[in-house]
There are 2 protein chains.
Amino acid sequence: MRIEEDKLRDYLKSKGLKFTPERQLILKEVFSIHRHFEVDDLFIRMRRRDNRISRSTLYRTLRLLVECGLLREVLFEERHSHYEHILGHEHHDHLLCLGCGQVIEFSNSSIEKLQSKVCGEYKFQPQGHRLQITGYCRKCR
Amino acid sequence: MRIEEDKLRDYLKSKGLKFTPERQLILKEVFSIHRHFEVDDLFIRMRRRDNRISRSTLYRTLRLLVECGLLREVLFEERHSHYEHILGHEHHDHLLCLGCGQVIEFSNSSIEKLQSKVCGEYKFQPQGHRLQITGYCRKCR
DNA sequence: ATCCAATTGCAACTAAAACTCAATAGCAAC
DNA sequence: GTTGCTATTGAGTTTTAGTTGCAATTGGAT
Ligand SMILES: [Mn+2]
Ligand SMILES: [Mn+2]
Ligand SMILES: [Zn+2]
Ligand SMILES: [Zn+2]
């Protein structure tokens, strides 16, 4: 709770932006969610607690949280964004079950190394990547 | 030109659907494009040739072409779909330059094998995957 | 305490895609 | 070839996700 707030405060200060009550509330709610979430999940949770933050402010603040490295945007096979914490989580990729919608996280350092190798071959400077395998989980296959 | 038309015809027949002039025109235009394209590219190209197909029909037909295995939907870092041919192209993944927007295709069988291995570990039955590396190409780095 | 730039919420807007529906047209059966 | 049923079409409307403009408000540096 302190670490993420500090990180946001530092980022905002460095850009001449302000740490508002709205941003504090959103940050708190975001870090009380321990799974992938979407904007509307957040909106509804905040409404339940009677924190009446507008959707505009949510969208604007989530962008800031991604920029300052607290969150990552995750695109599943849908037309809207999902988010997950970066702070306190190792990099990973996703298996996505088409049956039950379950998301399984995995990480594989050999794959990561081979990705670097591919980038080297193309003289491409990687900045990030997204690996997503769709299919059916143990229960749904 | 024959092979893709046969594939579409077969698929349509198997589903009790019809091979209409509109679908034929769209198929022809789609296979005259030899790069990634989006719906509006297709729409504009067809207008230029005075093939006045509605956007609704384009959206509906592209879905059919994906279903029957002629096209693949590709999601770059944008909020709308792109497409590419499957017929006559090996499976590949993409490097995406954030500078110039260039898309570089690559394929790496070791990565593919490791993906299978990961799926095995989770008893996950893969159906497809998407690997996208963002960064900067040789010219833009 | 003052002041100005940043922020907020709301409404209006946008882009991509899906849906509704009346008119039309494949195509299989006769 | 005609008929009839169902799929298809285009135009317009709706939905979804997100962005933008703006007037009122406020954080926080001085
Ligand atoms: Mn995750
Ligand atoms: Mn490609
Ligand atoms: Zn499942
Ligand atoms: Zn480039």
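Both backbone and side-chain heavy atoms feed into the values below; hydrogens, waters and symmetry mates do not. Chain letters run A, B, ... following the sequence lines, proteins first and then strands; every chain starts at 1.
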d([atom1], [X]; [atom2], [N]) in whole Å:
{"X": "A:I53", "N": "C:dT8", "atom1": "CD1", "atom2": "P", "answer": "8 Å"}
{"X": "A:L62", "N": "C:dT8", "atom1": "CG", "atom2": "P", "answer": "12 Å"}
{"X": "A:R23", "N": "C:dG9", "atom1": "CZ", "atom2": "C1'", "answer": "14 Å"}
{"X": "A:Y59", "N": "C:dG9", "atom1": "OH", "atom2": "C1'", "answer": "15 Å"}
{"X": "A:R55", "N": "C:dT8", "atom1": "CZ", "atom2": "P", "answer": "16 Å"}
{"X": "A:Y11", "N": "C:dA6", "atom1": "OH", "atom2": "C1'", "answer": "14 Å"}
{"X": "A:K15", "N": "C:dT7", "atom1": "NZ", "atom2": "P", "answer": "12 Å"}

Search all heavy atoms of A:R49 against all heavy atoms of A:S32 and return the closest pair with its distance. NH2-OG, 4.2 Å

Quick check for you: name the first and last nucleotides of DNA chain D, 5' to 3', having an atom under 4.0 Å from a heavy atom of chain B.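 Endpoints of the contacted stretch of DNA chain D: D:dT6 to D:dG18.
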
For A:R60, report the nucleic acid contact type (base, sugar-phosphate, nothing); a contact means any heavy atom under 4.0 Å.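 Touches a base.
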
Do any N or O atoms of the protein come closer than 3.5 Å to N or O atoms of nucleotides 24-29 of chain C, and which pairs are they?
residue	atom	partner	partner atom	Å
C:dG26	N2	B:K18	NZ	3.4
C:dG26	N3	B:K18	NZ	3.1
C:dC27	OP1	B:F19	N	3.0

Name all residues meeting the side-chain contact (heavy atoms from CB on, under 4.5 Å) criterion together with A:T20; count only those two or more places apart in sequence or in a different chain, and write none if there are none. A:K18, A:E22, A:R23

Just jot down the side-chain contact (heavy atoms from CB on, under 4.5 Å) partners of A:R79, sequence neighbours excluded, or say none.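 Counting only residues at least two positions away or on another chain, A:R79 forms no side-chain contact (heavy atoms from CB on, under 4.5 Å).
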
Any luck finding a side-chain donor-acceptor pair between A:E4 and A:H85 under 3.5 Å?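 Their side chains do not contain a donor-acceptor pair, so the 3.5 Å distance test is not met.
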
Any side-chain heavy-atom pair of A:Y83 and A:V66 under 4.5 Å: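 A:Y83 reaches A:V66 side chain to side chain.
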
Check whether any side-chain heavy atom of B:R55 sits under 4.5 Å from a side-chain heavy atom of B:V39, and report yes or no.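 Side chain of B:R55 against side chain of B:V39, heavy atoms only: no contact under 4.5 Å found.
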
Partners of B:E77 by salt bridge (Lys or Arg N to Asp or Glu O under 4.0 Å), sequence neighbours excluded?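 With sequence neighbours excluded, B:E77 shows a salt bridge (Lys or Arg N to Asp or Glu O under 4.0 Å) to A:R130, given in chain and number order.
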
Please tell me whether B:I86 and B:L12 are part of a single hydrophobic cluster in this structure, the criterion being side-chain heavy atoms less than 4.5 Å apart.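 They do not share one cluster, since no chain of ILVMFWY contacts under 4.5 Å joins B:I86 to B:L12.
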
Reading DNA chain C from 5' onward, which residue's closest nucleotide shows up sooner: B:R79 or A:T57?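 Final value for this comparison: A:T57.
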
Bend angle of the helix from C:dA1-D:dT30 to C:dC30-D:dG1 from five-pair axes at both ends, rounded to 10°?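 Taking the rotation axis at each end, their angle is 30°.
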
Ring of A:F19, cation from A:R9 - is the NZ or CZ under 6.0 Å from the centre and inside 45° of the axis?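 Verdict for A:F19: a cation-pi partner in A:R9.
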
A:H36 and side-chain hydrogen bond (donor to acceptor under 3.5 Å, both in side chains): which partner among A:H82, A:R72, A:E84?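 That would be A:E84.
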
Around B:E90, counting heavy atoms of other residues, nucleotides and ligands shown, do more than 12 lie under 6.0 Å from its CD?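 No, the 6.0 Å shell around CD holds no more than 12 heavy atoms from other groups.
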
Position toward the 5' end of DNA chain D (nearest nucleotide), B:S54 or A:V39: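 Its nearest nucleotide lies further toward 5', so the answer is B:S54.
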
